[in-house]
Amino acid sequence: MRELEKQMQHVCVVGLNWGDEGKGKIVDVLASDADAVVRYQGGANAGHTVYIGEVRHVLHHLPMGVLHEGILAVLGNGMVLEPAKLLEEVESLPEEAVSRIRISDRAHVVLPHHAAVEKLREQSAAHPIGTTLRGIGPAYQDKFGRDGIRMGDIMTPGFIEDVLPGKLRERTQRLGIPGEGIDEAIQICNRLKERLESQVTDTRQLLHKLHQQGKKLLFEGAQGCMLDIDFGTYPFVTSSSPSFLGLGPGTGFSPRKIDHVVGVTKAYCTRVGEGPFPSEIHGEEAEALREAGGEFGTTTGRPRRVGWLDIPALRFAVELNDLDSFALTKADVLDGWETIPVVTAYRLDGEELGQFPDSLTDLEGLEPVIEQWPGWSQVDEVSMRPFIDRLMQATGIPVSILSTGRRRDEVCVFEPFRAEGELA
Ligand code: GDP
């Protein structure tokens, strides 16, 4: 199609805030140009919503690419899969789409006792994290404790009948919830095997082959990099690496082969669950922004905490993800505002900081420094240019995609995803 595109074989989309940035929509926009869309971490704790026309599609495990004919939807080894939820998603799709799903035999499964133990921990914790209670954290604990159950195990003849019951009895005993969810787990694993056995494969090898054939891969991080297990606001984080850094271990595909990393951020910020959020706002202003942006969780329905765009946090995200460009979403939510409040620095003990601090104690004492940036009278490239230029000056990174509404066609695409002169 064009010179630029040839150099852009593989792209990765990551969330730059605390999740819910609208990654689903951006992946959906870019997927039309990809051969496979790949998820590399997390599980059903993610929730993507995309509108095609007026039809709403919600996916939890599956990447948005599955809604595009002819594109492979790959669930990488770094994911933890909840069988009942995955089957529910699969049943909502036409058989043609199901045939394009590929699931890593190394991905781990989340079973009912994982959710049970997470509920107990959150209920009794002095400082609950505010997790989705789906058992994601405990499933990752089993993985790193070298005690997990993988998709490949489930598909091995005799495993469900002969090995799984004993493993689950021993585990639930150890966790202090003897027998919890064992029958349910066996039943759901049998259904999973029956329905998806032919979709389970060595996805590392598959991705390598696709690369060699010159096919285009689009990788999708779930949640957001401020929730990264290592680099997020620990311990108020998710149990995996949603940043670009998670791509390698989560797929077995070398990050050196990725040509472009796009980071998705809203024109403001949100966070679900507990933990530091330096640009957070409260009261009537927050209520109005939450309502205008429809900021209620796709997976949990929880109202999201809201705040202003946070430049020090974005600078941190730019470095962490080795970012090439921004996808700026939800511009329409602030449509008509004369000026847009943006946090450009923090004050800590009388000193001004331009960087996002590492320490949780420092994060809690931050006072945001707010500047008013130029607003836009309508959501188009021209009206938004002063804001976009300001963002580039503050971070050194250009905007490549501008999302101006929730529908697939409400988008402006710039270089490198559009060659000069080509209409979006
Ligand atoms: P994700 O987890 O990052 O994919 O985010 P979600 O899908 O949970 O949340 C994003 C929400 O914002 C969804 O309801 C999308 O339909 C919606 N959305 C995405 N982009 C835009 C946009 O530019 N404008 C508006 N108004 N909504 C958007």
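Everything numeric in this text was worked out from a predicted model, so none of it was measured. We count ligands from 1, going down the list as the structure has it; atoms in each ligand are counted the same way. Starting from 1, each residue takes its place in the sequence as its number.
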Nearest non-hydrogen atom to atom 18 (N) of ligand 1 belongs to which of His60, Lys25, Lys330?
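Nearest option to atom 18 (N) of ligand 1, by heavy atoms: Lys330.
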Would you find a donor on one side and an acceptor on the other, under 3.5 Å apart, between the side chain of [X] and the backbone of [Y]?
X      : Y      : result
Asp259 : Gln9   : yes
Arg106 : Met151 : no
Asn321 : Ser243 : no

Under-4.0 Å heavy-atom contact with ligand 1, by part of [X] that carries it:
X      : answer
Asp332 : side chain
Thr404 : backbone
Arg408 : neither

Does ligand 1 have an atom under 4.0 Å from some heavy atom of Glu220?
no
Looking at residues at least two apart in the chain, or sitting in another chain, which of them share a side-chain hydrogen bond (donor to acceptor under 3.5 Å, both in side chains) with Glu82?
Arg134
Test ring pair (Phe, Tyr, Trp, His ring centres under 6.0 Å) on Phe316 and Phe231 and set out the steps.
CA-CA 10 Å; Phe316 165 81; Phe231 299 102; 7.4 Å; no
Kindly compute the distance separating CG (Leu175) from CG (Leu120), expressed to the nearest 0.5 Å.
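These two atoms lie 9.5 Å from each other.
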Polar proximity ligand 1 side, [X] side, N/O cut 3.5 Å exclusive:
X      : answer
Thr329 : no
Ala331 : no
Gly405 : yes
Gly19  : no

State the atoms of ligand 1, each with its element, that fall below the 4.0 Å cut-off from a heavy-atom position in Gly24.
4 (O)
With a cut-off of 4.0 Å, which atoms of ligand 1 are near a heavy atom of Arg304?
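By the 4.0 Å cutoff, the relevant atoms are 8 (O).
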Can you check whether Trp373 and Phe387 have ring centres sitting under 6.0 Å from each other?
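Here the rings of Phe387 and Trp373 have centres that are less than 6.0 Å from each other.
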Assign the ring pair His211 / Phe253 to parallel, tilted or perpendicular, where the plane angle (0 to 90°) is split at 30° and 60°.
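Rings of His211 and Phe253: perpendicular, as their planes differ by over 60°.
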